Peer 1: 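The structure that follows is given in the form of structure tokens.
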Amino acid sequence: MDKWECPCGYIYDPMEGDIENNVQAETAFEDLPDDWVCPLCGAEKEYFEKLD
């Protein structure tokens, strides 16, 4: 699964998920809830870029 980076530098790693926001480990970025935002800056998913 791909990692995604927010403009603020936060990297969403699907192997870790976002436990503080009730996103379980192994949740693909594409499967995040529509209302999920960056836990650091609040940016919406559309602003994230996939890492190579």
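Not measured: the values here are computed from a predicted model. Heavy atoms only: backbone and side chains are in, while hydrogens, waters and symmetry mates are out. Numbering of residues begins at 1 and proceeds along the displayed sequence.
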Peer 1: For residues 1-22, run the donor-acceptor check on the side chains, cut-off 3.5 Å, and write out each pair with its distance to 0.1 Å, sequence neighbours left out.
Peer 2:
{"from": "Tyr12", "atom 1": "OH", "to": "Thr27", "atom 2": "O", "distance (Å)": "2.5"}
{"from": "Asp13", "atom 1": "OD1", "to": "Met15", "atom 2": "N", "distance (Å)": "2.9"}
{"from": "Asp18", "atom 1": "OD1", "to": "Asn21", "atom 2": "ND2", "distance (Å)": "3.3"}
{"from": "Asp18", "atom 1": "OD2", "to": "Asn21", "atom 2": "ND2", "distance (Å)": "2.7"}
{"from": "Asp18", "atom 1": "OD2", "to": "Trp36", "atom 2": "NE1", "distance (Å)": "2.9"}

Peer 1: May I ask whether Phe29 and Val23 are part of the same hydrophobic cluster, defined by side-chain heavy atoms of I, L, V, M, F, W, Y residues being less than 4.5 angstrom apart, directly or through others?
Peer 2: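 Phe29 and Val23: one cluster.
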Peer 1: Using the side-chain hydrogen bond (donor to acceptor under 3.5 Å, both in side chains) rule, collect all pairs that involve residues 38-50, keeping only residues at least two apart or in two chains.
Peer 2: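 Passing the test, one end in residues 38-50: no pairs.
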